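Encoded as structure tokens, the structure appears first; notes follow it.
Letters A, B, ... are given to chains in the order of the sequence lines, protein chains preceding strands, and every chain is numbered from 1. Scope of the values below: all heavy atoms of this structure, side chains included, with no hydrogens, waters or symmetry mates. If you're wondering where the values come from, they're calculated on a predicted model, not measured in any experiment.
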Number of protein chains: 2
Amino acid sequence: MAGNTRNPGQSVSSRLLAILAVFDETRPSLSLSNIANGSGLAPATAHRLVAELVEWGALVRTDSGEYVVGRRLWKLGMLAPDQADLREVASPFLHDIYGATLATVHLAIRDGDQVLYLDRLAGHASVPAVSRVGSRLPLHATGVGKVLLAFAPAEVRERVLGSLTRLTPYTVVHPGTLASELRRVHRDGYAKTVEEMTLGACSVAVPIRRRDDEVVAALGIVVPNLGRDRATLVAALQVAAQGIRRSFH
Amino acid sequence: MAGNTRNPGQSVSSRLLAILAVFDETRPSLSLSNIANGSGLAPATAHRLVAELVEWGALVRTDSGEYVVGRRLWKLGMLAPDQADLREVASPFLHDIYGATLATVHLAIRDGDQVLYLDRLAGHASVPAVSRVGSRLPLHATGVGKVLLAFAPAEVRERVLGSLTRLTPYTVVHPGTLASELRRVHRDGYAKTVEEMTLGACSVAVPIRRRDDEVVAALGIVVPNLGRDRATLVAALQVAAQGIRRSFH
């Protein structure tokens, strides 16, 4: 194995996983040398393992010669029950809200210190939003993110409050201001944002609880402005969240 | 390595992939011995590799002691461009159709000899359908499936026509009848089913073409009955399919 890798202590299986780990939202398409560099593998090793992954269907070589994630991993990922079950249970409720409002509707969970979008409904009448299924955004600047942050363990909240980045002129970047807003979210059971992530987009969001009361996700809606619709939107989201809770096994 | 596996010629990396290959729609949750049996690996090897996959986040051990696909593979699978790009481009059009009809809307591609559901929109007003995102159904009994079959290579069509299984009393299982129906689908540009997959559910579907005219997916809608709405639904689907085609880069 010597000379075969820059990290000789690494097992073959961990080298295979190191290749997969190089792919993420910011790097969905990579050349062989990107893969070798990103995984810390010698080019020959990367070449051989990438060929195995392509043969299996985990990766696909594009016309440009770069590698991307293949259909087989998509199908495998769809089996993830935490994501699939929550989406499956929540889906009809999300569609009911979409049908009634034609606004962008989001289902999201916390993934470390970010919000991860599990589902997103949007038509041509909806406000453009930067979210995408599987993509992640900051917790502090999105409606679903604020809900998840308000109900997150204290250490997550402290970490996030310690590094608030500005995304628009209206992003709340003062830790004390956001902390008191999160206490209000916790108390009132909903969060809002006003152009804090994207100019021209406002949002409200509510927690989704399991039967044991634990907050497992957030349900949000993005609209051009909140105005007098806020109470109505919050009520619709809360009805849906209750329905989702009752639908859990 | 001798004695470490029942298939000593297999590389470590292919053993890791053999473990992932055991998981599918019909077996989303597996015990360690299921995994060892399914992958043909010795229990000790399976145990060690499963532990690596759990540590990486590809698999998760449930409370019952079985293993399921983890969030990390879900996120990785979401990067698959064939699936993600098509969904992303089609999504607003699907939502427009859903918003107008509140019926179940499907986006599907052909995956070998089956139809694979990439997206599915359904609210509480929609007809219950057996589809699920990432799940597969027979080509010959679904609207989207018939479209994909009509535009599939001849050898796929011959293979599928050679083994038509009955799902309801209305499933078309006579190869000659289905073949002439598929010629009609090819000519008219849409397919329909009348309770052929599920009793109480009818469907219409149209092809989605790329700019080079190749059929890459099908767009369908499921309703309780077709009756006089058929022409309207087909027209709505065709408008959406044209819109999707124009949205491809």
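The CZ atom of A/Arg132 sits 10.0 Å away from atom CE of B/Met78, with the distance rounded to the nearest 0.5 Å. Atoms OG and CZ, from B/Ser13 and A/Arg15 in turn, are 9.0 Å apart once rounded to the nearest 0.5 Å. To the nearest 0.5 Å, atom CZ of residue B/Arg71 and atom CD of residue A/Gln83 are 5.5 Å apart.
Looking at B/Trp74 and A/Leu76, their side chains never come closer than 4.5 Å, going by heavy atoms from C-beta outward. Here the side chains of A/Leu16 and B/Leu17 are in contact, with some heavy-atom distance below 4.5 Å.
With hydrogens and angles ignored, the 3.5 Å screen pairs a side-chain donor or acceptor of B/Asp96 with a backbone N or O of A/His124. Counting only distance, with no hydrogens or angles, the side chain of A/Tyr98 and the backbone of B/His95 share a donor-acceptor pair below 3.5 Å.
Proximity to chain A (any heavy atom under 4.5 Å) is shown, for B/Ala21, by both the backbone and the side chain. Contacts between A/Leu118 and chain B at a heavy-atom distance below 4.5 Å involve backbone atoms as well as side-chain atoms. For B/Leu20, the parts sitting under 4.5 Å from any heavy atom of chain A are the backbone and the side chain alike. Proximity to chain A (any heavy atom under 4.5 Å) is shown, for B/Ala84, by both the backbone and the side chain. Looking at B/Glu88, the atoms closer than 4.5 Å to chain A (heavy atoms on both sides) all sit in the side chain, from C-beta outward. Using a 4.5 Å cut-off between heavy atoms, A/Leu121 contacts chain B through both its backbone and its side chain. No part of B/Tyr67 comes within reach of chain A, as not one of its non-hydrogen atoms sits under 4.5 angstrom from that chain.
Of the listed residues A/Val60, A/Leu116, A/Leu49, the one with more heavy-atom pairs under 4.5 angstrom with chain B than any other is A/Leu116. Most heavy-atom pairs under 4.5 Å with chain A: of the set B/Ala100, B/Gly123, B/Ser91, B/Ser135, this distinction falls to B/Gly123. The choice from B/Ala122, B/Pro28, B/Ala58 that makes the most heavy-atom pairs within less than 4.5 Å of chain A is B/Ala122. In terms of non-hydrogen atom pairs under 4.5 Å with chain A, the most contact-rich of B/Ile97, B/Leu73, B/Thr62, B/Leu53 is B/Leu73.
Note on B/Arg120 versus A/Asp119: no salt bridge recorded, every NZ/NE/NH1/NH2 to OD/OE distance being 4.0 Å or above. Between B/Asp24 and A/Lys75 there is no salt bridge, since no side-chain nitrogen of the basic residue lies less than 4.0 Å from a carboxylate oxygen of the acidic one.
Heavy atoms of other residues, nucleotides or ligands lying less than 6.0 angstrom from CD of A/Glu55 number 12 at most.
In terms of heavy atoms, A/Gly70 sits closest to B/Ala80 at O-CB, 3.8 Å. Of all heavy-atom pairs spanning A/Val69 and B/Pro81, the tightest one is O-CD, 3.2 Å.
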